[in-house]
Amino acid sequence: MPELPEVETTRRGVAPHVINQTLTSIVVRQPKMRWPVPVDVLQSLIGLAVNNVSRRGKYLFLETERGAIVIHLGMSGSLRVLTHYVEPGKHDHIDIGLASGACLRLTDPRRFGSVLWQPVGEELSLISSLGPEPLTDAFNADYLINRSQGRSVAIKQLVMNSHVVVGVGNIYANEALFMAGIDPRKPAGKVSKPKLTRLVAAIKKILSAAIEQGGTTLRDFVDSDGKPGYFAQSLSVYGRAGEPCLVCNKELTEVRMGQRSTVFCSRCQR
DNA sequence: AGTCGCGCCTGGCGGC
DNA sequence: TGCCGCCAGGCGCGAC
């Protein structure tokens, strides 16, 4: 499941093949994704060039002079560049043909992903309501302390809320809370300032390390039909319920929080 | 306004 | 072997 590091790695991998390329064809085989794919608008873009590939949270933007094709990879999506024809498979929903002869192909078995259209000058409300990027200075200790103030929601859910900060999915939330020594169930407003400060640092550290690793494990976005090697990095708690804590050896606990699996060490995280 | 629970979807897995 | 049922999970939305 792509989290922010995978999305950023996708952006970097795809950008050089797409930037300054004119769109020559758009084929939508499956318009039913998270929201209906705006097929007509996409078709009308043929002849325009992609000026830039940017990212906000887990959303990717293929920017043209008229606006941006906004792509979210959901749980199971991937984007890759094909430099020669490859027979589309069952889950290859959209092909974006480029003047170079290459093709940008969106694959998404579970179709939790989405493709939207954002006209130039009109930010989608779902984008404008997003919190700061976790790797910028706007996401700092003071900010998180402020947003946690008086909140009864569990700190894990707060940090996974994209209106608070973008790009922290379930896996990295588990890992960051472990690194910061915080019980994921603790009401956000009751987590101490020093711990929130550590949490901000942990999120930045984990996400940037994952992006760095993504550069090596997910390097090949061209012509590869293999699955990208997500999460090659070692995880301390996620997926390790019942196994010993790497720090204190106590058996890791698993609970469900908002229908998501949450793993933590009840000794190290309080 | 904050919090909670729902639903979208399918590959993979455990159980029989 | 084959089939069935269940689960994961991002995230916007509607309900309280």
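Every chain is numbered from 1 and lettered A, B, ... according to where its sequence line falls, protein lines coming before strand lines.
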Specify the separation, in whole Å, of atom CZ of A/Arg111 and atom P of B/dC9.
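Whole-Å distance recorded here is 6 Å.
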Along DNA chain C (nearest heavy atom to each residue), the more 5'-positioned of A/Ser125 and A/Met160
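It is A/Met160, whose closest nucleotide lies nearer the 5' terminus.
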Between [options], which one does the side chain of [X] approach most closely?
X	options	value
A/Val153	B/dC4, B/dG11, C/dG12	B/dC4
A/Lys58	C/dG10, C/dG12, B/dT3	C/dG10
A/Trp35	C/dG12, B/dT3, C/dA8	C/dG12

Do A/Arg55 and A/Glu133 sit within salt-bridge range, that is, some charged N less than 4.0 Å from a carboxylate O?
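Salt bridge between A/Arg55 and A/Glu133, a charged N being under 4.0 Å from a carboxylate O: yes.
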State whether A/Lys156 and A/Asp183 are salt-bridged, where the test is any N-O pair (Lys NZ or Arg NE/NH1/NH2 against Asp/Glu carboxylate O) under 4.0 Å.
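Not counted as a salt bridge, because no side-chain N and carboxylate O are separated by less than 4.0 Å.
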Starting at the 5' end of DNA chain B, which residue's closest nucleotide do you reach first, A/Met33 or A/Ala154?
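Checking each residue's closest nucleotide, the 5'-ward one belongs to A/Ala154.
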Can you work out whether A/Gln259 or A/Gly150 has the more 5'-proximal nearest nucleotide on DNA chain B?
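Closer to the 5' end of DNA chain B: A/Gly150.
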Is any N or O donor-acceptor pair between the side chain of A/Arg34 and the base of C/dC11 shorter than 3.5 Å?
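Indeed there is one.
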Check if the side chain of A/Arg260 and the base of C/dA8 share a donor-acceptor pair of N or O atoms closer than 3.5 Å.
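Not at all, since no donor on one side and acceptor on the other fall under 3.5 Å apart.
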Just by distance, do the side chain of A/Arg105 and the backbone of A/Val86 share a donor-acceptor pair under 3.5 Å?
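Looks like yes, one N/O pair under 3.5 Å.
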Any A/Ser152 side-chain nitrogen or oxygen under 4.0 Å from OP1 or OP2 of B/dT3:
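For B/dT3, OP1/OP2 do have a side-chain N/O of A/Ser152 under 4.0 Å.
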So does A/His163 get a side-chain nitrogen or oxygen closer than 4.0 Å to the phosphate oxygens (OP1/OP2) of C/dC11?
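So the side-chain polar atoms of A/His163 never come under 4.0 Å of the phosphate oxygens OP1 or OP2 of C/dC11.
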Classify the nucleic acid contact of A/Gln157 as base, sugar-phosphate or nothing, counting any heavy atom under 4.0 Å across all strands shown.
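If one applies the 4.0 Å heavy-atom cut-off, A/Gln157 turns out to touch nothing in the nucleic acid.
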